[in-house]
Enquirer: 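One structure coming up, written as structure tokens, with questions to follow.
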Amino acid sequence: MVRHNLPATIVISNNAGWTAGSNDTPGRPLGYGQRYEDIAVALGGHGEHVTEPEEIGPAIERAMESGLPAVVNVEVEQHAMPGQARFGGYSATLSR
């Protein structure tokens, strides 16, 4: 993304592990020490590390305003469950 000047913002929901299957236990615990945003910075992009909910919005705004490819690494509770979004006719497309 840096090479082609693509100002995309990636938000990582970091639950400290690779979770596989049920949400009872992580498939492979990694801890919160994984600083994914540092990779973006090392390659010439923008990086943000977020630990508090009230920091998420401002971090995303700064990332988007940077004009660079950006990674916002958001630490979430290890057993947080994702919500499910419904997209108009998108699900109908998948069943074809």
Enquirer: Decide side-chain contact (heavy atoms from CB on, under 4.5 Å) for Val72 and Val50; before the verdict, give the C-alpha distance in whole Å, the side-chain angles of both, and the deciding distance to 0.1 Å.
Expert: CA-CA 7 Å; Val72 179; Val50 175; 3.9 Å; yes
Enquirer: Using the side-chain contact (heavy atoms from CB on, under 4.5 Å) criterion, which residues pair with Ala40? Sequence neighbours excluded.
Expert: Val71
Enquirer: Compare every heavy atom of Val2 with every heavy atom of Pro69, then report the nearest pair and how far apart it is.
Expert: CG-N, 3.6 Å
Enquirer: Can you confirm whether Val74 sits close enough to Asn14 that some side-chain heavy atom of one is under 4.5 Å from a side-chain heavy atom of the other?
Expert: no
Enquirer: Who passes side-chain contact (heavy atoms from CB on, under 4.5 Å) against Ser13, sequence neighbours left out?
Expert: Val76
Enquirer: Can you pull the salt bridge (charged side-chain N to carboxylate O under 4.0 Å, His left out) pairs that have at least one residue in residues 31-47, sequence neighbours excluded?
Expert: Arg35-Glu37
Enquirer: With sequence neighbours excluded, what pairs up with Glu54 under the side-chain contact (heavy atoms from CB on, under 4.5 Å) test?
Expert: Glu52
Enquirer: Which atom pair, heavy atoms only, marks the closest approach of Gly17 to Asn15?
Expert: O-OD1, 2.7 Å
Enquirer: Could you check whether any side-chain N or O of Asn73 sits under 3.5 Å from a backbone N or O of Gln34, counting only pairs where one atom can act as donor and the other as acceptor?
Expert: yes
Enquirer: My understanding is that only residues two or more places apart in sequence, or in another chain, count here; which of them pass side-chain contact (heavy atoms from CB on, under 4.5 Å) with Met64?
Expert: Thr9, Ile60
Enquirer: Is it true that Met1 and Leu68 fall in one hydrophobic cluster, defined by side-chain heavy atoms closer than 4.5 Å?
Expert: no
Enquirer: Any chain of hydrophobic side-chain contacts (each under 4.5 Å) joining Leu30 to Ile12?
Expert: yes
Enquirer: May I have all residue pairs that pass side chain to side chain donor-acceptor pair (under 3.5 Å) and include part of residues 56-70, sequence neighbours excluded?
Expert: Glu48-Arg62
Enquirer: Please find the pair of heavy atoms, one from Gly67 and one from Pro7, that lie closest to each other, and give the distance.
Expert: O-CB, 3.6 Å
